[in-house]
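Below is one structure; the comments refer to it alone.
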Amino acid sequence: MPDKERIYEYLNKLVAVPSISGTEDEVLAADKIYELISEIPYFSLNRDNLMRIPIEGDPFNRVLVAAFLESADKSEDTVILTGHYDVVDVEEFGVLKDIAFDMEAVTERIIELPLSDEVRKDYESGEYYFGRGTLDMKYGHAASIELLRYYSENMKLKGNLLYVAVCGEETNSEGMLAAVPFFTEFAEKHNLKYRCLLLMEGYLLDGQKEGIKYIQYGNAGKVMPMFLCVGKMTHGEEPLLGLDANLLSGEVYRLMAENPLFCQKNHGISTSLPCGLKQQDMKENYSLSTTLYAASYYNIATISLDPKDLMNKLTGVAEQAFENTKALIEDKVRGFEAFAGRTPEYYMPETCVMTFSELYKGLETEYDGDLEAHVKEMLELYMKENPEMQDASVRLVRHLAEMYSDKRPKIIVSIIPPYYPDVNLDCEDEDTVRMMNCIEDVIGYASDKYGVTIESSEYYGISDMCYTWLADGLDFDTLFDNLVGINTMYMFPTEELKKFKVPGMVLGCAGKDMHKYTERLEKDYNFNVLPELYTYVIEKLIG
C-alpha cells in the first residue's frame, strides 16, 4: 500500500516551499516536485519519463513537471494525475506569516490568532495540520508522488500513470492552458488513451455535511463579458449635443448586474446571479467636455453555457441599453422644455451595437499593415505598464475603436480573460460510464472497509478541470472569436481544447478553509483512508 509516512514527509517538504502565485518563488515548488520524483528509482533509471516543460513567454519562467509511469504491458490506457503547485499569499496570517509555510510550527501556534469556535475545536482535537497549502493543494502532490513511487516499485498496473503538476491555477490557469497541448501531443507520440483525469485537489462544496466526504465530477465555469461604450464628445455647457459614454455604460451596468437572464440551471443546480466587477470612466484628465469612452465587465457563473446564446443575450442587453438611453435623452429634452419653455438643440444617436469580432474584421479591411502584429505590440505595451489582462483588454478595445473609421456612438461587446468553460460529461461516452461506475464502487468500498460515508456531487468549483471537456455540438468559435487577446496576451489553446476530452473527477482530500489563515488538512481520512481509495480507483480504471 502507499506509505502514509512518506506522504507526510513529501507534504512537509512541499508546504515548506513558498510558491505564491504570480511570483518568482512559484517555480520553486516545481523544482521541489522534480527533485522528489527524481529520487524514485524508476525515474532515476528512466530519465526521459521525468520532464520539465517551460511555459512559453511566461514572465516568471514557470514550468510544468510531468512524470510518465509506463506499464510493463505497453498499454494505451492512461490515468492522469494533476493539480496546481501554486498557493495564495500569506498576509492574512499576520504575526504568523513568517511561519505560514512551516506546517508543524503553524499547527502548534495557530492558537495565537483569532479563531472561531469551530476552528478552535478542530485545533484542540489534534486531528488537523494547519499551514498554507496543506489543503490547497500540496497534499494532492504528496499523494501523487507516493502513488508514482508505489506503482513503480510493484509495476502491477496494466495501464499507465501520467502525473502533471501545473502552475498558475490561483491566477489565470496559465499552467493548465499550457498543459492541454502537452497532453494532446504526448498522447499522439506514445499512442495513449486518457481514460480519466484525477484532479488531486481538496473537495469544495457549498453546504457540505459534517462527517461526509465527497467525490465531485464535472465542473462549473465562468465567463467575463466586457462592454466598451463609445459616446460623442461635446462641450459641457451643451451636453445634449453629444452623448456621454457614462450614460450608456450606466444603463449597461443596470441591465447586466444581478440579471437572472444570465443564470443557468442544470441537474437541479442553479448558478448565482452575475456580478459587476468593474465600471470605469476612461476620461484621462479634467476638461469641460463629456466622456467619450466608458467600460464595464462582469462575472457570469456557468454550468451549461451555449456560447452562441450567450453572445446573442449580451448584444441584446447592449441594444436595450442603447434604446433605454435614447428614451432617457427624450425625457431630459421634455423636462427642459417644461422648465424653459423652449426646445433645446439635441443629438439623438442611432442604436449601434457590434461585437469585438465585427470590429476587428472591419478594421482588417481598413488597416494598412499587419493588424495582428499591431495588436500584439499594443498588448505587450499594455501588459508591461500594468500586468493585468483585464485592464489590457479594455485598453485594446478602446484603441481599436479609436482606429476605426466609423465614429458613431456604439457599444462594443467582447469577452475578456480568463475564460473557464463549464464541463458537462457525455453520459454515453464509454470512459465516462466507466468513471461513474468506479465512483459508485469506491463509495461502497469506503463504506464497507472503513465505515466512511462518501457522497458524489456534480460540478466542482472553478478549477483546472474546466479545460478537460468542451461539449460537442456548441459553437465555441463564436466565443473564441470575441475573446480579447487570445493567443497573444492570453495563450488559450482553442484547437487542442476541442480535441482534449477526458472525464475528470475530484476524489478530494478532506479539510477546511481554503485561502484562509485557518486552512487545515484532516489527518485520519487523508493519511489512513484516502491513499487506498486512490489505488482502488486507479486499478478499477486501468487494471
Side-chain angles (χ1 to χ4, degrees), residues 2 6-7 10 14 27 29-56 62-85 137 140-167 175-200 431 434-435 464-465 467-468 493 496 499-505 507 531 534-535 537-543:
R6 284 183 187 265
I7 295 176
Y10 292 147
L14 290 170
V27 76
D31 297 339
K32 179 58 68 174
I33 289 168
Y34 187 92
E35 174 192 319
L36 294 174
I37 297 174
S38 67
E39 293 170 358
I40 298 171
Y42 174 89
F43 292 100
S44 297
L45 296 171
N46 298 274
R47 285 291 181 185
D48 290 344
N49 286 26
L50 178 58
M51 298 153 272
R52 290 172 60 95
I53 302 139
I55 296 177
E56 185 179 352
R62 292 173 295 184
V63 299
L64 312 175
V65 178
F68 181 50
L69 179 60
E70 190 171 11
S71 166
D73 294 345
K74 300 296 180 183
S75 170
E76 64 180 10
D77 297 334
T78 304
V79 166
I80 295 170
L81 308 177
T82 192
H84 64 92
Y85 57 71
M137 61 159 288
H141 293 289
S144 295
I145 295 168
E146 173 56 12
L147 287 167
L148 291 173
R149 185 206 63 80
Y150 169 71
Y151 281 118
S152 70
E153 289 186 358
N154 63 48
M155 292 303 287
K156 71 177 185 177
L157 279 183
K158 294 182 179 178
N160 316 297
L161 288 181
L162 176 60
Y163 164 70
V164 178
V166 304
C167 63
M176 190 61 176
L177 290 173
V180 169
F182 167 76
F183 283 131
T184 56
E185 290 167 16
F186 197 80
E188 290 170 5
K189 180 178 178 180
H190 294 274
N191 192 30
L192 304 180
K193 288 188 178 176
Y194 299 128
R195 299 304 185 187
C196 183
L197 179 145
L198 293 181
L199 181 63
M200 305 292 280
D431 291 323
R434 183 186 293 111
M435 185 188 79
D464 286 337
M465 203 161 68
Y467 303 109
T468 58
E496 290 88 348
K499 290 187 265 182
F500 183 58
K501 292 186 185 295
V502 54
M505 66 168 161
L507 176 53
Y534 284 136
T535 62
V537 165
I538 289 168
E539 290 166 28
K540 276 279 182 181
L541 289 168
I542 55 175

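For reference, positions follow the sequence shown, starting with 1.
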> Would K499 and E496 pass as an ion pair if we require N to O under 4.0 Å?
Replying inline: no
>> Any carboxylate oxygen within less than 4.0 angstrom of a Lys/Arg side-chain nitrogen, looking at R195 and D77?
In response: yes
So which atom in [X] and which in [Y] form the shortest heavy-atom distance, rounded to 0.1 Å?
X: P2; Y: L147; answer: CG-CD2, 4.1 Å
X: S71; Y: G159; answer: CB-O, 3.2 Å
X: C196; Y: L541; answer: CB-CD1, 3.7 Å
X: P493; Y: P181; answer: CB-CG, 3.8 Å
X: L64; Y: A179; answer: CD1-CA, 3.7 Å
X: L192; Y: N160; answer: CD2-ND2, 3.6 Å

Side chains of [X] and [Y] in contact at under 4.5 Å (non-hydrogen atoms):
X: L177; Y: I55; value: no
X: I538; Y: I542; value: yes
X: M176; Y: T468; value: yes
X: L14; Y: L36; value: yes

> Can you check side chain to side chain contact (heavy atoms under 4.5 Å, CB included) on I37 and I33, steps first, answer last?
Replying inline: CA-CA 6 Å; I37 297 174; I33 289 168; 3.8 Å; yes
> Under the criterion side-chain contact (heavy atoms from CB on, under 4.5 Å), which of F182, Y467, Y194 is the partner of F500?
Replying inline: Y194
>> Can you confirm whether more than 12 heavy atoms, excluding those of K540, are under 6.0 Å from its NZ atom?
In response: no
> So does E56 have more than 12 non-hydrogen atoms from other groups sitting under 6.0 Å from CD?
Replying inline: no
What is the distance from atom [atom1] of [X] to atom [atom2] of [Y], rounded to the nearest 0.5 Å?
X: I40; Y: S152; atom1: CD1; atom2: OG; value: 5.5 Å
X: N154; Y: R149; atom1: CG; atom2: CZ; value: 9.0 Å
X: S44; Y: N46; atom1: OG; atom2: CG; value: 9.0 Å
X: L45; Y: L50; atom1: CG; atom2: CG; value: 12.5 Å
X: L507; Y: M200; atom1: CG; atom2: CE; value: 7.5 Å
X: E35; Y: E39; atom1: CD; atom2: CD; value: 5.5 Å

> Is there a donor-acceptor contact under 3.5 Å from the side chain of T78 to the main chain of E76?
Replying inline: yes
> Between T82 and Y163, is there a donor-acceptor pair closer than 3.5 Å when you use the side chain of the first and the backbone of the second?
Replying inline: no
>> Filter on ring pair (Phe, Tyr, Trp, His ring centres under 6.0 Å), then keep only pairs touching residues 33-52, sequence neighbours left out; what's left?
In response: none
>> Quick one, I80 with L199, criterion side chain to side chain contact (heavy atoms under 4.5 Å, CB included). Give me CA distance, side-chain angles, the key distance, then yes/no.
In response: CA-CA 8 Å; I80 295 170; L199 181 63; over 6 Å; no
> Taking the inter-plane angle between the rings of H190 and F68 on a 0 to 90° scale, is it parallel (under 30°), tilted (30 to 60°) or perpendicular (over 60°)?
Replying inline: tilted
> Which class fits the ring pair H141 and Y85: parallel under 30°, tilted 30 to 60°, perpendicular over 60°?
Replying inline: tilted
>> Going by the rule ring pair (Phe, Tyr, Trp, His ring centres under 6.0 Å), which residues pair with Y10 if we only count those two or more places apart in sequence or in a different chain?
In response: none
> Would you say the side chains of Y151 and E539 form a donor-acceptor pair under 3.5 Å?
Replying inline: yes
